[in-house]
Amino acid sequence: MGGKLVVKVTYIDHTIKHIEIVQQHESEDVGLVALQQLPEEMVAQNNTEVDATTGASATSHALQAAVRDAISKSQQ
């Protein structure tokens with residue numbers, strides 16, 4: 001929590017195709033679970049606004065922000 005989170009997002013034709021966690025500093029508990037589940041949900045829904053993982057809201061919001069940032073950079 002509060003560490004660096006780096007993602008690589010494959011975004012083609014306004015569609016989130018893949019999200020890879022490149023660097024993270026989460027503990028092996030709920031935060032890590034969020035980083036495993038949320039990318040799949042974001043890809044399936046083609047949206048970063050998925051429900052946060054219970055007990056890992058800070059991690060969930062950080063991941064959402066990182067993916068949104070990567071998408072916005074791809075559109076520049």
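We number each residue from 1, following the sequence as shown. Just so we're clear, the structure is a prediction, and the values are computed from it rather than from any experiment. Quick note: numbers below take in every heavy atom, side chains included, and nothing from hydrogens, waters or symmetry partners.
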Just grab all the salt bridge (Lys or Arg N to Asp or Glu O under 4.0 Å) pairs involving residues 31-40, residues at least two apart or on different chains.
none

Apart from V50 itself, its cluster of hydrophobic side chains linked below 4.5 Å comprises L5, V7, V9, Y11, I16, I19, I21, L35, L38, M42, V43, L63, V67, I71

The criterion is side chain to side chain donor-acceptor pair (under 3.5 Å); which residues satisfy it with E20, sequence neighbours excluded?
none

Might you point out which heavy atoms bring T53 and S60 nearest each other, and give the distance in Å?
N-OG, 3.0 Å

Sub-3.5 Å donor-acceptor pair from the side chain of T15 to the main-chain atoms of D13, do we have one?
yes

Using atom types as modelled and distance alone, determine if a side-chain donor or acceptor of N46 lies under 3.5 Å from a backbone N or O of K17.
no

How close do A34 and P39 get, counting heavy atoms only, and between which atoms?
O-CD, 3.8 Å

Could you tell me whether D29 atom CG has more than 12 heavy atoms of other residues or ligands within 6.0 Å of it?
yes

If only atom types and distance count, is the side chain of Q23 paired as donor or acceptor with the main-chain N or O of V6 below 3.5 Å?
no

Nearest heavy-atom neighbours spanning V30 and G55:
CG1-C, 3.7 Å

